[in-house]
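This report refers to the structure that appears directly beneath it.
What you see is a predicted model; the values in this text were computed from it and never measured. Throughout, a chain's letter reflects where its sequence line sits, starting with A, and its residues are numbered from 1.
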There are 2 protein chains.
Amino acid sequence: MKIPGPVSKRLALYHRCVGTLLSEGRGITSSQELGERLSLKPSQIRKDLSYFGEFGKRGTGYDLKGLRLSLENVLRINKTWNVCIVGAGNIGTALANHREFFKEGYNIVAFFDRNPSKAGRKIGERGILVYQMSELEEKVKSLGIEIGVIAVPASEARNVAEILVKVGIKGILNFAPTKIKLEEVEIEDVDIGISFKALTFKMGAREIERQRSIGKENS
Amino acid sequence: MKIPGPVSKRLALYHRCVGTLLSEGRGITSSQELGERLSLKPSQIRKDLSYFGEFGKRGTGYDLKGLRLSLENVLRINKTWNVCIVGAGNIGTALANHREFFKEGYNIVAFFDRNPSKAGRKIGERGILVYQMSELEEKVKSLGIEIGVIAVPASEARNVAEILVKVGIKGILNFAPTKIKLEEVEIEDVDIGISFKALTFKMGAREIERQRSIGKENS
DNA sequence: CGAGTTTGTACTTCACTTTTACAAAGAGTT
DNA sequence: AACTCTTTGTAAAAGTGAAGTACAAACTCG
């Protein structure tokens, strides 16, 4: 069965919300409550979940612990993923210090950098080692790395992505401001520059709308 | 006229692609070329642009400099936006060091942090000052800040957003792992945790598909 | 002037997403 | 056990965006 694209991000939101509810000491929830917290229609939540099974109990709702487990299976975070970051710059460092990711099953185990003088350094609070690019293939194997984060300039991003594919990486999180398209691997883009521009575009649209409605008012 | 949501992000992509073409020394382009570079249909690009005017020349294509200017008007980056970052942590520092944003019209002018001991420090290569939260209102006015970046833990994010709205901020870029919904302001979320989970979900889906097709092959 | 391009746009079709609506299943009460 | 209330799961309908088609209009170039 084909799963619509946006579902994956919503599932991740559900998982996070379930975690929040659990930490508030709650035991069960409903599609309605989740919908309120996430500004989504309850029916959409039920439909999204129905792609993967029946996790609720009619008349009661969803058992939070069970739902979390189910979502973790669906999202494939019932295991720890070993992650490497290519590019030992600011973004990479920020990621390495974000202990949230480790808690959620993503374990950053190595940095790689084109600049050989960075090799041997330790990055961030957890002191993650920087290796040379030439060591990538060996380290991916020996450390069991399955996910690569691209945190290099746009001009190098495609090249890095191809290298990652070549050494057997199956998933890439791309922070470089460029669209990479490769058949052999899943790529998820995090494009902050585009987000800034989309924001100012929407701010402009809102401003125009505001002025238009004032104009109408006075006419 | 109602503009479809996905259009804003595509416009930002066009703008970036136009910049790349210009830096390659090119003078004109066509919807076909843009389509090839961005993996989009030429008709969609023409359609997106047509929402905002007629920027091309029939028989020739688009003058790159003119198109860039037009896109900058549409995206509201024909001016410099003054930006503040709330939360002087790792993400904030990474943003402050990203000179790309400044080049594109987003000028980070101040940090704010709840922790008073951080006040007075200078962050990043450009030495941007950290102020106390109590100085927010005054600084937003005196520095002409219009955009706020939320780079604090999820638990504080909503509170910070409400403060930002109160002092007159019109646009928020939210890096905290939580969905904030406020009527009075445009909010754009950058949610790295969700991107990680969406990635492993897709990796799992691809794996299942692969196994399924192997199974079919052997039956 | 005529052939060849390429845009801008109207119209259609298609695919996907969201919403609506309701039967089915269970909980709680009397 | 009968009845009410709640909430799920899902089929069907409605809505939305994307893709494809088609073509007149505008421009270039020889």
Side-chain angles (χ1 to χ4, degrees), chain A residues 1-14 17-18 21 26-71 74 179 181 198 201-202 205, chain B residues 1-14 17-18 21 26-71 74 179 181 198 201-202 205:
Chain A
M1 183 185 9
K2 174 81 169 46
I3 312 290
V7 171
S8 64
K9 298 214 167 175
R10 285 201 298 268
L11 289 171
L13 286 172
Y14 304 157
C17 192
V18 166
L21 286 162
R26 302 284 305 284
I28 59 162
T29 187
S30 65
S31 58
Q32 189 170 356
E33 182 175 42
L34 289 171
E36 276 164 20
R37 295 222 178 192
L38 299 168
S39 311
L40 294 168
K41 292 273 181 296
S43 56
Q44 176 155 55
I45 294 171
R46 296 203 299 275
K47 169 142 216 189
D48 286 345
L49 295 175
S50 78
Y51 287 117
F52 306 98
E54 303 193 0
F55 306 128
K57 213 180 204 174
R58 301 182 185 207
T60 312
Y62 299 90
D63 174 69
L64 281 168
K65 280 187 186 165
L67 182 57
R68 180 162 67 173
L69 222 55
S70 303
L71 285 170
V74 170
K179 180 91 189 153
K181 228 187 166 184
F201 171 76
K202 287 196 219 156
Chain B
M1 184 184 9
K2 172 80 167 48
I3 313 289
V7 172
S8 65
K9 297 214 168 176
R10 284 201 298 269
L11 289 171
L13 286 173
Y14 303 158
C17 191
V18 166
L21 285 162
R26 301 284 306 282
I28 60 162
T29 187
S30 64
S31 59
Q32 190 171 355
E33 182 175 41
L34 289 171
E36 277 165 19
R37 294 222 178 191
L38 299 168
S39 313
L40 293 168
K41 292 275 180 291
S43 57
Q44 176 154 53
I45 293 172
R46 295 204 299 273
K47 175 153 210 182
D48 285 345
L49 294 175
S50 78
Y51 286 117
F52 307 98
E54 304 192 0
F55 306 129
K57 211 180 207 175
R58 303 180 185 206
T60 313
Y62 299 90
D63 175 68
L64 281 167
K65 281 188 184 165
L67 182 56
R68 179 162 68 173
L69 222 56
S70 302
L71 285 170
V74 170
K179 179 89 190 155
K181 227 188 167 183
F201 170 77
K202 287 196 219 156

Exercise. Measure the NZ-CG distance between A:Lys9 and A:Asp48 for me, rounded to the nearest 0.5 Å.
Key: 14.5 Å
Quiz item: Rounded to whole angstroms, how far apart are NZ on B:Lys41 and C1' on D:dG20?
Solution: 9 Å
Quiz prompt | Matching residue for B:Tyr62 among B:Ile28, B:Val18, B:Thr29 - test: side-chain contact (heavy atoms from CB on, under 4.5 Å) | solution = B:Thr29
Quiz prompt | Atom-pair distance (CD on A:Gln44; C1' on D:dT8), nearest Å | solution = 16 Å
Self-check item: Between C1' of C:dT7 and OH of B:Tyr14, the distance in whole Å
Solution: 15 Å
Exercise. Check whether any side-chain heavy atom of B:Leu34 lies under 4.5 Å from a side-chain heavy atom of B:Leu21, and answer yes or no.
Key: yes
Quiz item: Using a cut-off of 4.0 Å between protein heavy atoms and nucleotide atoms, how would you tag nucleotides 22-30 of chain C 5' to 3' with B, S and -?
Solution: --BBSS---
Self-check item: 5′-ward residue of the pair A:Leu40/B:Ser31 relative to DNA chain C
Solution: B:Ser31
Quiz item: NA contact type, A:Pro6, heavy-atom cut-off 4.0 Å: base, sugar-phosphate, or nothing?
Solution: sugar-phosphate
Quiz item: When the distance from CD1 of B:Ile28 to C1' of C:dT7 is rounded to whole Å, what number comes out?
Solution: 13 Å
Quiz item: To the nearest Å, how far apart are A:Ile45 CD1 and D:dT10 P?
Solution: 16 Å
Practice problem: Check whether any side-chain heavy atom of B:Ile3 lies under 4.5 Å from a side-chain heavy atom of B:Phe52, and answer yes or no. | Solution: yes
Quiz item: Once you round it to whole Å, what is the distance between P of D:dG20 and CD of B:Gln32?
Solution: 14 Å
Self-check item: C:dT17 phosphate, OP1 or OP2, under 4.0 Å from A:Tyr51 side-chain N/O
Solution: no
Practice problem: Kindly check if the number of other-residue, nucleotide or ligand heavy atoms within 6.0 Å of CD (B:Gln32) is above 12? | Solution: no
Quiz item: If you take all heavy atoms of B:Gly35 and B:Ile45, which pair is closest and at what distance?
Solution: N-CD1, 3.3 Å
Quiz item: To the nearest Å, how far apart are B:Phe52 CZ and C:dG8 C1'?
Solution: 15 Å
Quiz item: Does the side chain of B:Arg46 come within less than 4.5 Å of B:Ser50's, by heavy atoms?
Solution: no
Quiz item: Hey, does the side chain of A:Lys47 come within less than 4.0 Å of C:dT17's phosphate (OP1/OP2), counting only N and O?
Solution: no
Quiz item: Given C:dT20, is OP1 or OP2 found less than 4.0 Å from the side-chain N or O atoms of A:Ser43?
Solution: no
Self-check item: Spacing of A:Asp48 atom CG relative to C:dT17 atom P, expressed in whole Å
Solution: 10 Å
Quiz item: Can you tell which of D:dG9, C:dT7, C:dT9 lies closest to the side chain of B:Ser30?
Solution: C:dT7
